[in-house]
Amino acid sequence: MPAPTCASCHAARAALRRPRSGQALCGPCFCAAFEAEVLHTVVAGRLLPPGAVVAVGASGGKDSTVLAHVLRELAPRLDVALRLVAVDEGIGGYRDEALAAVRRQAARWELPLTVVAYEDLFRGWTMDAVARSTAGTGRGRSCCTFCGVLRRRALEEGARLVGATHIVTGHNADDMAETVLMNFLRGDAARLARGGGLGSRGEGGALPRCRPLQFASQKEVVLYAHFRRLDYFSEECVYAPEAFRGHARDLLKRLEAVRPTAALDLVHSAERLALAPAVRPPRPGACSRCGALASRALCQACALLDGLARGRPRLAIGEREHRGGGDAEGTRGRARAAVEAAAAAL
């Protein structure tokens with residue numbers, strides 16, 4: 001059966017059907033629609049004001065590559081300047097190849113690139129060193145917890161280094177839906193409360209962050225990269241298979257099999273979520289050691305690094321978990337409260 005005609009230009013043969021809408025489009029029309037939707041997200045959300053210097057978190061993967069390419073196309077209309085900031089977590093046999101992809105992208109697009117390394121920023125710690133330190137402690141699966149906290153801090157430091165006024169990351173709708181699911185499953189009321197919107201406005205002196213691809217599905221990100229012939233690194237991190245996120249990802253795939261809009265529904269639910277006053281997180285302050293945004297005396301990064309330095313990574317993770325839950329009964333209670341509040345709000 002011949003392919004249908006593109007529903008947009010009505011001239012070329014359609015090359016795909018959009019996963020959620022089913023609209024048949026040719027490659028060029030799909031890419032134009034994708035870029036227009038990202039532009040709408042940025043403009044409608046007032047995410048990047050004219051004159052902004054934007055640090056693009058560049059990992060070399062599909063999401064950050066698509067984000068950088070789209071923003072480069074839209075930069076003249078948005079009147080923003082782009083800077084690529086890559087983070088070297090110190091993962092042997094993985095990050096070197098990803099950084100090589102970032103460097104190729106930067107050269108091809110003629111965008112300035114800055115690389116910041118965990119080893120330089122965090123008292124000599126790399127992710128490989130963290131993995132060795134947590135081995136045998138029962139916390140081997142927590143590598144992604146360490147990395148997520150440290151990576152956020154490293155990206156902030158890199159953005160300040162290049163004089164950025166805003167940070168953008170390549171999180172897509174599937175990523176955000178997985179995060180919402182994880183927070184519900186863990187009963188993490190603090191993160192549920194912060195999970196809505198398209199980013200943060202930069203409270204407590206932190207740089208404003210946003211996610212222009214938040215409403216784009218992972219499938220469409222891959223399709224855009226295919227039609228634009230983008231060069232990106234596609235290997236999974238060596239520590240990712242043990243992460244809790246993988247379970248949320250599997251659950252989301254099963255949900256999407258019966259309800260294609262499940263990921264976006266979860267994203268929009270997080271935006272409309274209202275928590276009872278008793279489970280809302282306290283207003284953040286400043287870390288007593290480094291001055292970064294923190295909900296306690298020490299920020300997450302400093303607390304984790306302290307635990308590692310003392311040879312007690314369990315303590316660092318335990319302190320973080322205690323902030324979000326404490327004992328199992330307390331966690332279940334907060335989970336019930338969060339779910340009940342969400343049900344009342346939707």
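As a basis for the values below, the full set of heavy atoms in this structure was taken, side chains included, without hydrogen atoms, waters or symmetry mates. When a residue number appears, it is its place in the shown sequence, counting from 1.
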>> Assess the residue pair Glu256 and Asp174 against the criterion (side chain to side chain contact (heavy atoms under 4.5 Å, CB included)); give the C-alpha distance rounded to whole Å, side-chain angles, the decisive distance to 0.1 Å, and a yes or no.
In response: CA-CA 10 Å; Glu256 286 187 304; Asp174 295 61; 3.7 Å; yes

Derivation of the side chain to side chain contact (heavy atoms under 4.5 Å, CB included) call for Ile91 and Asp128
CA-CA 6 Å; Ile91 303 174; Asp128 284 342; 4.1 Å; yes

TODO: Step by step, work out the side chain to side chain contact (heavy atoms under 4.5 Å, CB included) result for Ser269 and Val180.
DONE: CA-CA 9 Å; Ser269 293; Val180 173; 5.9 Å; no

**Prompt:** Should Ser64 and Thr169 be marked as a side chain to side chain contact (heavy atoms under 4.5 Å, CB included) after you check the CA-CA gap, both sets of side-chain angles, and the distance that decides it?
**Reply:** CA-CA 7 Å; Ser64 65; Thr169 59; over 6 Å; no

Working for salt bridge (Lys or Arg N to Asp or Glu O under 4.0 Å), residues Glu156 and Arg160: CA-CA 6 Å; Glu156 179 91 12; Arg160 292 188 185 281; 2.9 Å; yes

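Look at Glu35 and Arg228 and you find a salt bridge, because one of the NZ, NE, NH1 or NH2 atoms lies within 4.0 Å of a carboxylate O, short of that distance. Under a 4.0 Å N-O distance rule, the pair Asp306/Arg289 qualifies as a salt bridge. A salt bridge is absent between Glu119 and Arg95: the closest approach of a Lys/Arg side-chain nitrogen to an acidic carboxylate oxygen does not fall below 4.0 angstrom.
Side-chain atoms of Thr165 come within 3.5 Å of backbone N or O of Val53 as a donor-acceptor pair.
Shown here for Leu181 and Ala248, the closest heavy-atom pair between the two residues is CD1-O, 3.8 Å. Scanning both residues, Pro212 and Thr41, for their nearest heavy atoms gives O-CG2, 3.8 Å. The shortest non-hydrogen separation linking Leu99 to Ala86 is CD2-CB, 3.7 Å. Closest non-hydrogen pair, Leu48 versus Cys210, comes out as CD2-SG, 4.0 Å. Minimum heavy-atom separation, Ala243 to Cys144: CB-SG, 3.5 Å. Nearest heavy-atom pair, Phe233 versus Ala98, reported as atom, atom and distance to 0.1 Å: CD2-CB, 3.6 Å.
Lys62 is not listed as a side-chain neighbour of Ser234, based on a closest heavy-atom distance of 4.5 Å or more. Counting heavy atoms from C-beta on, the side chains of Leu74 and Val42 never come closer than 4.5 Å. Between Arg17 and Pro4 there is a side-chain heavy-atom pair separated by less than 4.5 Å. Between Glu89 and Cys237, the closest side-chain pair of non-hydrogen atoms is not below 4.5 Å. A heavy-atom distance below 4.5 Å is not found between the side chains of Val70 and Leu39. At least one side-chain heavy atom of Val149 sits under 4.5 Å from a side-chain heavy atom of Gln300. Two residues are said to be in side-chain contact when any heavy atoms from C-beta on lie closer than 4.5 Å; Phe146 and Leu305 fail this criterion. Side-chain contact between Val80 and Leu71: absent, with no pair of heavy atoms (C-beta onward) separated by less than 4.5 Å.
Cluster annotation: Val222 is not connected to Leu67 through the hydrophobic network of ILVMFWY side chains, with a link wherever side-chain heavy atoms come within less than 4.5 Å.
Expressed to the nearest 0.5 Å, how far NZ of Lys253 lies from CD of Gln218 amounts to 7.0 Å. Separation of atoms NE2 (His69) and OH (Tyr224) is listed at 4.5 Å; rounding is to 0.5 Å. Remark: Thr261 OG1 to His268 NE2 distance equals 9.0 Å, nearest 0.5 Å. Rounding to the nearest 0.5 Å gives a distance of 9.5 Å between CG of Leu121 and CG of Leu150. In this structure, Phe34 CZ and Leu25 CG are separated by 13.0 Å, a value rounded to the nearest 0.5 Å. Taking CG of Leu155 as the start and CD1 of Ile167 as the end, the distance is 4.5 Å to the nearest 0.5 Å.
For Arg72, the side-chain contact (heavy atoms from CB on, under 4.5 Å) criterion is met by Leu82, Trp109, Leu111, not counting sequence neighbours. Not counting sequence neighbours, the partners of Phe122 by the ring pair (Phe, Tyr, Trp, His ring centres under 6.0 Å) test are Tyr118.
For CZ of Arg13, the number of neighbouring non-hydrogen atoms (other residues, nucleotides, ligands) closer than 6.0 Å is greater than 12. Other residues, nucleotides and ligands contribute at most 12 non-hydrogen atoms within 6.0 Å of the CZ atom of Arg152.
There is a side-chain donor-acceptor pair under 3.5 Å between Thr179 and Arg245. In summary, the side chains of Gln105 and Tyr232 do not present any donor paired with an acceptor at a separation below 3.5 Å, with no hydrogens or angles considered.
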